[in-house]
Amino acid sequence: MKSTCILFLSLLGPATAFAPSAPITRTSPTSLSAQVTRSQVLNDVAAAFGVVAASALFNPLAASADETLPSGVVIKVVKAGDGPAPDIGELAAIRFASYAGENKIDDIFETPEPYYTRVGSGGLIKGVEEVLPKMRVGDRWVLTIPGNLAFGPKGRPASAGKPRIPANAEIIFDVEMVGLPGKEPELIELIGDV
C-alpha cells in the first residue's frame, strides 16, 4: 500500500507542470458555467486518494490486511465487521471451513445453523482459540495455523466422514463471527433486559 501511495504521489508532481496557466471555461449548453484547471482536478484526485490511503492506514485490519501473531498464526482479513467483540467465556456463533492441505476437515458454512462455542473454553484447536477474542461480529478471517497449534505431533486419525490429519499439519481455517447471543441488541430488546 505504501509503495502504491508513493508511486501515485510521485506521478502527481510532474503532472502539474503541464497544467495550463489560464483556466478552462466549459460552455456546454447542458452544463453549468465552471472554470476548472488541470491542477485543481489533480488536487481533487490527490485529496480523494489521500482519504482512501488514510482510511486504510487508520483501519489496521482492512479487508486485505495480513497479520502474523507471535505464536505463528497468520490472519488474512477477508471481511471486516463492525459488531461487538466477544469476551472470554461468552457464547459465540461462528461459521467455518477447515482444511489440511487439499482435504476438507469440516465446513459449517454449508449448515443451516452456525457452530456455537464458548470463547476461550478450549473446545476448538489452539490457534483458533487464540484468534476468536480478537474478532468482532461480521468479521471473516482466513487463518493459517501452524501444526503445533492445530492437531500437534499426533495428528488425528481418520473417522467417519473425516480425513486423517498428519502430524504437525498446517491447517487453513476460514472463520466468520456471525453472532454473540446475549450481546445482540434485537435479542436484548425482545427480552426487555437492558
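Salt bridge status for R136 with D139: absent, with no side-chain N to carboxylate O gap under 4.0 Å. Between K104 and E110 there is a salt bridge, since a side-chain N of the basic residue sits under 4.0 Å from a carboxylate O of the acidic one.
For the pair R156 and F151, the distance from NZ or CZ to the six-membered ring centre is under 6.0 Å and the angle to the ring normal is within 45 degrees.
Taking hydrophobic clusters as Ile, Leu, Val, Met, Phe, Trp and Tyr residues chained together by side-chain heavy-atom distances below 4.5 Å, I172 shares a cluster with V78.
Atoms CD1 and OG, from I145 and S71 in turn, are 9.0 Å apart once rounded to the nearest 0.5 Å. Here S98 contributes atom OG and I125 contributes atom CD1; the two are 7.0 Å apart, rounded to the nearest 0.5 Å. Here the CD atom belonging to E67 is positioned 7.0 Å from the NZ atom belonging to K134, to the nearest 0.5 angstrom. Between L143 atom CG and K76 atom NZ the span is 12.5 Å, to the nearest 0.5 Å. The CD1 atom of I171 lies 11.0 Å from the CG atom of L149; values are rounded to the nearest 0.5 Å. Distance CG/N148 to NZ/K126: 8.0 Å, rounded to 0.5 Å.
Shown here are the side chain to side chain contact (heavy atoms under 4.5 Å, CB included) partners of E102, two or more places apart in sequence or in another chain: there are none. For L91, the side chain to side chain contact (heavy atoms under 4.5 Å, CB included) test picks out Y116, R118, P181, with sequence neighbours left out.
By the 30° and 60° cut-offs, the orientation of the rings of F96 relative to F173 is parallel.
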V73/V131 under side chain to side chain contact (heavy atoms under 4.5 Å, CB included): CA gap, chis, key distance, verdict: CA-CA 8 Å; V73 174; V131 171; 3.8 Å; yes
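Contact record, A150 with A169: CB-O, 4.1 Å, taken as the closest heavy-atom pair. Across I165 and A100, no two heavy atoms sit closer than the pair CG2-CB, 4.3 Å. The two residues A92 and M177 make their nearest non-hydrogen contact at CB-SD, 3.9 Å. Closest approach of I108 and Y115 over heavy atoms only: CG2-N, 3.8 Å. Shown here for E130 and L69, the closest heavy-atom pair between the two residues is OE2-CD1, 3.6 Å.
Within the structure, every pair that satisfies the side-chain hydrogen bond (donor to acceptor under 3.5 Å, both in side chains) test and touches residues 160-169, not counting sequence neighbours, is listed here: D106-K162.
At a threshold of 4.5 Å between non-hydrogen side-chain atoms, the residues V77 and I75 count as touching. Between L180 and P86, some side-chain heavy-atom pair lies under the 4.5 Å cut-off.
Here the side chain of E176 pairs no donor or acceptor atom with the backbone of G138 at under 3.5 angstrom. Although no hydrogens or angles enter the test, the distance criterion places no donor-acceptor pair under 3.5 Å between the side chain of T117 and the main chain of V119. Looking at R140, its side chain never comes within 3.5 Å of a backbone N or O of V178 through a donor-acceptor pair.
For the 3.5 Å distance criterion, the side chains of E170 and T144 fail to qualify, holding no donor opposite an acceptor.
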